[in-house]
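Heads up, the thing below is written out as structure tokens.
Reminder, nothing fancy here: chain letters follow the sequence lines and each chain counts from 1.
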Amino acid sequence: MAKGITKRSVDYSKWYIDIVSKAELAEHSPVKGCMVIKPNGYALWENIQAQLDKMFKETGHVNAYFPMFIPESFLKKEAQHVEGFAPECAVVTHGGGKKLEEPLVVRPTSETIIWSTYRNWIQSYRDLPILINQWANVVRWEMRTRLFLRTTEFLWQEGHTAHATFDEAEEETWKILRVYQRFAEDYMAIPVFIGKKSEQEKFAGALHTYCIEAMMQDHKALQAGTSHHLGQNFAKAFDVTFQNEEGQLEYVWASSWGVSTRLIGALIMTHSDDNGLIIPPRLAPIKAVFIPIWKEDAQIDQLRSHVAKLTADWKGKIDFKIDDRDQYRPGYKFNEWEQKGVPLRIEIGPRDLENNQVVLVRRDTGEKIVVSQDGLLQRVESLLEDIQSTLFERARAYREEYTFTEDDLDRFVHKCNDPGGFFWVHWCGAVECEDQFQEKARASIRIIPFKGHEESGKCIICGKASQQRVLVARAY
RNA sequence: CGGGGCGUAGCGCAGCCCGGUUAGCGCGCCUGCUUUGGGAGCAGGAGGUCGUGAGUUCGAAUCUCACCGCCCCGACCA
């Protein structure tokens, strides 16, 4: 039935590419590693943006925009930061037909340009906090790219906040992490583990990095959002100080945080099946699609006007579409909308007109439900909510099935290969042992849990004392 | 940067080994008629610098050399 989509069991990577292509989310551009985000993909991104933007504003943030070009010297001001980003920067050397005096880096992230600006904005504790977010594109010259998951240019939001104290910056970093978690779980229907990154995995230039981590259907981990406590590192690099209530000069404390179009990749790999994309209703640009079915020309107009009447009060309440194209037959449309991930299909034909009913078909389960046309909107709305929670529960059950607590090294390595998954293992904290996860199992520490999850044991690698388990997995 | 694969119509491919009329097939597209509750049928039609450049040859999609690009799999990263 799923024409043109490789089955997950045959080739997972191919399946992913087929979904992106068949759902018309994006395609490759003439430039290596870049993508054209097509209307279906962009509509999804717009819905992600709209909800997140609302949540940022509810937590006191405002939007602004900083330029894409950054003087090369700025990148070099924060030692860890340069080291982390220098290799993957695109650099503009010419403009207006002339060689530039100083090359311009196309932003890989905006900490440097923003902190060079904050320097001018901050003098007193009364200027703090600054809680700014920006929606932007960034460029990172990656060696290996995949549509949405890792592209040379991608869209994201980056929050950059400035605070008077360590604790305030910490609270901000934590608050945003919880916003990300809530968004992932309540809107994308993607269950996530939250925690802290190891020293090796943290952002270049941060004191520590928090993240949300999700499991994909191939049991690999995908980092879906990060929130960094930047300490005073950028304030020191750009000499951003403020006068506190006692009149003393102090360096400003910072946080930064972001999610990107990678979320679309996460959404695909969490919910979709061999028949195509599945979009959780709360983010679906089209939540329901009507497919009128007719046998004679005379019925077309009858159906059109009937559906128009039926949906007269739907506008503004639910995003739906009526597919009354007559160059395609119903079966074709069924498949097309399934591939595009529309959560609910509403079939209506002569039989239904006679019986005052419609046929609802759930995208998540394929279940067909015959319901009365009376109170259809309420029925559709509650069904969409049910699909939303079913998707989340299904994803959570799947994740639990492949999340293991493991104490035996051989068994851990073996299970990393087959079936793969998330592993809670004891780790002593040594970098050497962390490297062994990569060496032995091509896996890495995805998160270190927060306080309250202490448990003493022995490091699965070296056997020395360990105070806690960490989550280890192969990752995208 | 290593390994693999591929560049021929919008998409997917055959043809190449063994050079030779007008480069072919499926899907899609356009026109018409019949159809329409799980990817419709028939008829007609449009659509090509065979990735680029050089070479061999009377003659190159096909042989030789070089280059370019893309995809997939690994090492680095959101």
Side-chain angles (χ1 to χ4, degrees), chain A residues 1-6 11-18 21-22 27-35 83-89 108-109 137-158 180 197 200-204 209 211-214 221-228 256-266 275-276 291-297 299-300 303 323-339 345-354 357-359 361 366 368 370 438-439 442 444 474-476:
Chain A
M1 194 190 288
K3 223 183 249 179
I5 297 178
T6 307
D11 185 338
Y12 194 80
S13 303
K14 187 77 186 350
W15 167 81
Y16 177 82
I17 294 164
D18 288 346
S21 153
K22 291 289 173 181
E27 61 187 47
H28 291 284
S29 86
V31 176
K32 179 181 164 64
C34 293
M35 65 174 166
E83 208 179 305
F85 283 104
E88 55 191 65
C89 284
T109 178
N137 59 339
V138 286
V139 168
R140 296 181 189 176
W141 219 259
E142 302 288 352
M143 295 194 251
R144 185 153 135 54
T145 57
R146 301 186 66 182
L147 291 169
F148 290 113
L149 294 175
R150 187 176 299 103
T151 45
T152 299
E153 179 194 21
F154 57 93
L155 305 183
W156 76 345
Q157 57 70 215
E158 45 180 328
Y180 286 162
K197 282 294 180 196
Q200 281 193 72
E201 299 274 334
K202 77 175 185 187
F203 177 72
T209 291
C211 68
I212 56 173
E213 204 78 26
L222 184 76
Q223 180 174 305
T226 49
S227 183
H228 317 288
S256 73
W257 29 272
V259 297
S260 70
T261 37
R262 172 179 256 200
L263 286 176
I264 293 174
N275 293 328
I291 315 263
I293 297 156
W294 58 82
K295 291 213 192 302
E296 310 147 22
D297 285 357
Q299 292 170 329
I300 303 175
L303 277 162
D323 185 357
D324 59 356
R325 295 173 296 174
D326 68 355
Q327 68 268 40
Y328 297 112
R329 296 161 86 240
Y332 180 92
K333 297 179 185 176
F334 296 168
N335 284 289
E336 179 177 337
W337 293 109
E338 272 171 19
Q339 287 185 339
R345 179 171 79 236
I346 306 172
E347 300 174 19
I348 182 163
R351 276 209 300 274
D352 305 304
L353 285 186
E354 265 177 48
Q357 65 182 33
V358 296
V359 179
V361 184
K368 290 193 180 189
V370 180
Q438 186 68 44
E439 286 277 323
R442 285 195 291 127
S444 56
R474 287 191 184 156
Y476 276 96

TODO: Could you state the atom-to-atom distance from CD1 of A:Ile300 to P of B:U35 in whole Å?
DONE: 12 Å
Open item on the list: Can you measure A:Asp18 atom CG to B:C71 atom C1' for me and round it to whole angstrom units?
Closed with: 13 Å
Task: Nearest-angstrom distance, C1' atom, B:C11 to B:A78 - done: 32 Å
Open item on the list: With rounding to the closest Å, how many angstrom separate the C1' atoms on B:G19 and B:U35?
Closed with: 48 Å
TODO: Kindly give the heavy-atom pair with the smallest separation between A:Tyr180 and A:Gly258, and that separation in Å.
DONE: OH-N, 3.0 Å
Open item on the list: Please verify the inter-ring angle class for A:Tyr12 with A:Trp15; under 30° counts as parallel, over 60° as perpendicular, anything in between as tilted.
Closed with: tilted
TODO: Quick one: pull up OG in A:Ser260 and CG in A:Leu149 and give me the separation to the nearest 0.5 Å.
DONE: 9.0 Å
Task: C1'-based separation of B:C70 from B:C27 [nearest Å] - done: 22 Å
- [ ] For B:C67, give its Watson-Crick or G-U wobble partner with both distances under 3.5 Å, or none.
- [x] B:G51
TODO: Rounded off to whole Å, could you give me the CE-to-P distance for the A:Met35 and B:C71 pair?
DONE: 13 Å
TODO: Measure distances between side-chain N and O atoms of A:Glu347 and base N and O atoms of B:G38, and say whether any donor-acceptor pair falls under 3.5 Å.
DONE: no
TODO: Would you mind telling me which of B:C72, B:G39, B:U36 lies closest to the side-chain atoms of A:Ile17?
DONE: B:C72
Task: Base-pairing assignment for B:C76 (Watson-Crick or G-U wobble, both under 3.5 Å) - done: none
- [ ] Assess whether one donor atom and one acceptor atom, taken from the side chain of A:Glu338 and the base of B:G38, lie less than 3.5 Å apart.
- [x] yes
Open item on the list: Taking the P atom in each of B:C17 and B:C63, what is the distance between them to the nearest angstrom?
Closed with: 5 Å
TODO: Rounded to whole angstrom, note down the C1' distance from B:G47 over to B:G4.
DONE: 34 Å
TODO: Tell me which nucleotide among B:C71, B:C73, B:U36 gets nearest to the side chain of A:His28.
DONE: B:C71
Task: Residue A:Arg442, side-chain atoms from C-beta onward, closest of B:A75, B:G39, B:U36 - done: B:A75
Open item on the list: From C-beta outward on A:Ile293, which listed nucleotide comes closest to its side chain: B:G38, B:U36, B:C29?
Closed with: B:U36
Task: N/O donor-acceptor pair under 3.5 Å between A:Glu354 side chain and A:Arg351 backbone - done: no
- [ ] Whole angstrom is fine here: how far is it from CZ in A:Arg329 over to P in B:G41?
- [x] 8 Å
Task: Closest approach of A:Trp294 to A:Lys333 (non-hydrogen atoms, all atoms of both residues) - done: CH2-NZ, 4.4 Å
Open item on the list: From CD of A:Glu296 over to P of B:G37, roughly how many Å is that when rounded to an integer?
Closed with: 14 Å
Task: Under 3.5 Å on both distances, the Watson-Crick or G-U partner of B:A43 - done: B:U31
TODO: On the 0 to 90° scale, with breaks at 30° and 60°, tag the A:Phe203-A:His228 ring pair as parallel, tilted or perpendicular.
DONE: parallel
- [ ] Considering only atom P, compute the distance from B:U21 to B:C16 and round it to an integer number of Å.
- [x] 13 Å
TODO: Take atom NZ of A:Lys295 and atom P of B:U34, then tell me their distance rounded to the nearest Å.
DONE: 17 Å
Task: A:Glu213/A:Lys197 under salt bridge (Lys or Arg N to Asp or Glu O under 4.0 Å): CA gap, chis, key distance, verdict - done: CA-CA 10 Å; A:Glu213 204 78 26; A:Lys197 282 294 180 196; 3.1 Å; yes
Task: Distance, C1' atom - from B:C68 to B:G51, rounded to whole angstrom - done: 8 Å
Show me the protein contacts with nucleotides 76-78 of chain B, counting only N or O atoms at under 3.5 Å.
residue	atom	partner	partner atom	Å
B:C77	O2'	A:Glu142	OE2	3.4
B:C77	O2	A:Arg150	NE	2.2
B:C77	O2	A:Arg150	NH2	3.2
B:C77	N3	A:Arg150	NE	3.0
B:C77	N3	A:Arg150	NH2	2.4
B:A78	O3'	A:Gln223	NE2	2.3
B:A78	O2'	A:Arg262	NE	3.3
B:A78	O2'	A:Arg262	NH1	2.2
B:A78	O2'	A:Arg262	NH2	3.2
B:A78	N6	A:Thr151	N	3.2
B:A78	N6	A:Thr151	O	2.6
B:A78	N3	A:Ser260	OG	3.4

Open item on the list: Can you measure A:Gln327 atom CD to B:C27 atom P for me and round it to whole angstrom units?
Closed with: 18 Å
Task: Touch class at under 4.0 angstrom, heavy-atom based, for A:Arg325 against every strand present - done: nothing
Open item on the list: Could you tell me how far B:G15 sits from B:A23 if I compare only their C1' atoms? Round to whole Å.
Closed with: 8 Å
- [ ] Spell out yes or no: do the side chain of A:Arg345 and the base of B:G38 have one donor N/O and one acceptor N/O closer than 3.5 Å?
- [x] yes
Open item on the list: Working to the nearest 0.5 angstrom, can you tell me the gap between A:Arg345 CZ and A:Ile291 CD1?
Closed with: 6.5 Å
TODO: For A:Pro87, answer base if it contacts any base atom (sugar-phosphate contacts may also be present), sugar-phosphate if it contacts only those atoms, and nothing otherwise; contact means non-hydrogen atoms under 4.0 Å.
DONE: nothing
TODO: With RNA chain B as reference, determine whether A:Trp294 or A:Gly33 sits nearer its 5' end, using the nearest nucleotide of each.
DONE: A:Trp294
Task: Rounded interatomic separation in angstrom, taking CD1 from A:Ile5 and C1' from B:G12 - done: 15 Å
- [ ] State whether the distance check finds a donor on one side and an acceptor on the other, under 3.5 Å, for side chain A:Lys368 versus base B:G37.
- [x] no
Open item on the list: Going by purine N1 to pyrimidine N3 plus the second Watson-Crick contact, or the G-U wobble pair, all under 3.5 Å, which nucleotide sits opposite B:G19?
Closed with: none
Task: Pairing nucleotide - B:G37, Watson-Crick or G-U, each distance under 3.5 Å - done: none
- [ ] For the pair A:Asp352 (side chain) and A:Gly349 (backbone), establish whether a donor and an acceptor sit closer than 3.5 Å, ignoring hydrogens and angles.
- [x] yes
Task: B:C11 - base-pair partner by Watson-Crick or wobble geometry, distances under 3.5 Å - done: B:G26
- [ ] Could you tell me whether A:Val359 contacts a base, only the sugar-phosphate backbone, or nothing, with contacts defined as non-hydrogen atoms closer than 4.0 Å?
- [x] base
TODO: Could you check whether A:Asp352 gets within reach of a base, just the sugar-phosphate, or nothing at all, counting any heavy atom under 4.0 Å?
DONE: base
Task: Watson-Crick or G-U wobble partner of B:U57, both distances under 3.5 Å - done: none
Open item on the list: Can you confirm whether more than 12 heavy atoms, excluding those of A:Trp141, are under 6.0 Å from its CH2 atom?
Closed with: no
